[in-house]
Undergrad: 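Quick one: structure below, then a few questions.
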There are 2 protein chains.
Amino acid sequence: MASLGELERAVMDLLWAGQEAATANTLRDQLARTSAAQGGPGHMGKELAVTTVLTVLSRLEKKGLVERERGTRPHRYQAVSSRADHTAELMHEVLGSAPDREAVLARFIGSVSEGEAETLRKLLGHV
Amino acid sequence: MASLGELERAVMDLLWAGQEAATANTLRDQLARTSAAQGGPGHMGKELAVTTVLTVLSRLEKKGLVERERGTRPHRYQAVSSRADHTAELMHEVLGSAPDREAVLARFIGSVSEGEAETLRKLLGHV
DNA sequence: GTTGGATTTCTACGAAACGTAGAAGTTTGG
DNA sequence: CCAAACTTCTACGTTTCGTAGAAATCCAAC
């Protein structure tokens, strides 16, 4: 239940990018803009129905990725955890399903850039 | 296109576990046994139709996870890459989609057991 | 306090993925 | 050549996701 659809991911990207909680309407507008940016100059951003955005937000809420403030009238939505946290969690999920964790880590480390290897060394305390 | 269904994963687990390439029939029998083991003593392993297994194998082949020898008459199937390789690749996929790779790695490392941290230090050359 | 516009919830439909397998076609040992 | 084994084709039910209209709800202004 971890993977996201295309639109779900786009919404999460917006929520992760913005610091404030956002409303469905705001998100719909931002989605139009970002899709326009991706589609090129001539490609006008497609306006989704606000109900579409709300449906997606509800699904994301059910998945535990988003929470909403129900107090305010236009409900405000925000990501439950940061993108980095979420992605790291995903990585652990992927890793966790393996009986041979060490072997996986070995392969994983083996194909990491030198710069990132350096980062990792630092993060690991590197006594 | 990276995620697998339940049966697809069960098949991959068998292919990863066995060293030899396996036939659809073999896999069907093994699937019956392993599902019986999971289901408990009273739960007799459900025999899938061979065509079911073949369908799944074809789908896995299309996904690039499995290859088959077409020469032999009962085709023989095997995993394209080891589970460790595959899982590590998945981890890179998850990580790759993030613009803030370092932050993700930080979170990831932060929630790794001390034993594994030690393993990682060794793997990283630990100069 | 009623009403209209904004907002949310409910319901729904089409496409794709997956579990499942019968029907039909192909291959091969005898 | 033929039957048994094997593979491919076709198909259906379920779940997930993009998409959104219809219905219900809420609040501000009158």
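Below, chain A is the first sequence line, B the second, and so on; all start at residue 1. What you are looking at is a predicted structure, and each value in this text was computed from that prediction instead of being measured.
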Undergrad: Tell me, please, which residues at least two apart from B:T72 pass side-chain contact (heavy atoms from CB on, under 4.5 Å).
TA: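 Scan of B:T72 (side-chain contact (heavy atoms from CB on, under 4.5 Å), adjacent residues dropped) gives B:E69, B:R76.
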Undergrad: Please report the distance, rounded to the nearest Å, between NZ in B:K62 and C1' in D:dT8.
TA: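 Those two atoms, NZ and C1', are 12 Å apart.
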Undergrad: Partners of B:A103 by side-chain contact (heavy atoms from CB on, under 4.5 Å), sequence neighbours excluded?
TA: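 With neighbours one apart ignored, the set is A:A84, B:D100, B:R107.
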Undergrad: Between P on D:dT16 and CZ on A:R59, what's the gap in Å once rounded to a whole number?
TA: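 Distance check: A:R59 CZ to D:dT16 P gives 10 Å.
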Undergrad: Please enumerate all residues that pass ring pair (Phe, Tyr, Trp, His ring centres under 6.0 Å) together with B:F108, with sequence neighbours excluded.
TA: A:H92
Undergrad: Got a sec? Which of residues 65-80 of chain A come in under 4.0 Å of DNA chain C, heavy atoms?
TA: A:R68, A:R70, A:R73, A:P74, A:H75
Undergrad: Check every atom of C:dC18, D:dC17, D:dA20 against the side chain of A:E8 and return the nucleotide holding the closest atom.
TA: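 So the side chain of A:E8 is nearest to D:dC17.
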Undergrad: What is the distance from CG of B:D29 to C1' of D:dA5, rounded to the nearest Å?
TA: 15 Å
Undergrad: Output all residues satisfying side chain to side chain donor-acceptor pair (under 3.5 Å) with A:E89, sequence neighbours left out; order by chain, then residue number.
TA: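 Counting only residues at least two positions away or on another chain, A:E89 forms no side chain to side chain donor-acceptor pair (under 3.5 Å).
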Undergrad: Please output the side-chain donor-acceptor pairs of residues 51-59 of chain A that fall under 3.5 Å, not counting sequence neighbours, one pair per line with the distance.
TA:
| from | atom 1 | to | atom 2 | distance (Å) |
| --- | --- | --- | --- | --- |
| A:T55 | OG1 | A:T51 | O | 2.9 |
| A:S58 | OG | A:L54 | O | 3.2 |
| A:S58 | OG | A:R68 | NH2 | 3.3 |

Undergrad: Rounded off to whole Å, could you give me the CE-to-C1' distance for the B:M12 and C:dC18 pair?
TA: 16 Å
Undergrad: Partners of A:H86 by ring pair (Phe, Tyr, Trp, His ring centres under 6.0 Å), sequence neighbours excluded?
TA: A:W16
Undergrad: Send over the distance from B:R28 CZ to C:dG19 P, rounded to a whole Å.
TA: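 Answer to the nearest Å: 18 Å.
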Undergrad: Find the distance A:E47:CD to D:dA20:P and express it as a whole number of Å.
TA: 11 Å
Undergrad: Distance check needed: C:dT7 P versus A:L57 CG, whole Å only.
TA: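 Atom-to-atom, A:L57 to C:dT7, this comes out as 14 Å.
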Undergrad: So, do A:K63 and A:L4 sit near enough that their side-chain heavy atoms are less than 4.5 Å apart?
TA: yes
Undergrad: Between B:K63 and C:dC18, is there a side-chain N or O to OP1/OP2 distance below 4.0 Å?
TA: yes
Undergrad: Mind listing the residues from residues 49-56 of chain B sitting with a heavy atom below 4.0 Å of DNA chain D? Number order is fine.
TA: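 Within residues 49-56 of chain B, the residues near DNA chain D are B:T51, B:L54.
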Undergrad: In whole angstroms, how far is the P atom of C:dA16 from the CG atom of A:L7?
TA: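 After rounding, the reported distance stands at 16 Å.
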Undergrad: Which residues pass the side-chain contact (heavy atoms from CB on, under 4.5 Å) test with A:Q19, sequence neighbours left out?
TA: none
Undergrad: Using 0.5 Å steps for rounding, measure from the CG atom of B:L120 to the CZ atom of A:R121.
TA: 11.5 Å
Undergrad: Does B:N25 have a side-chain nitrogen or oxygen under 4.0 Å from the phosphate oxygens OP1 or OP2 of D:dC6?
TA: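 For D:dC6, OP1/OP2 do have a side-chain N/O of B:N25 under 4.0 Å.
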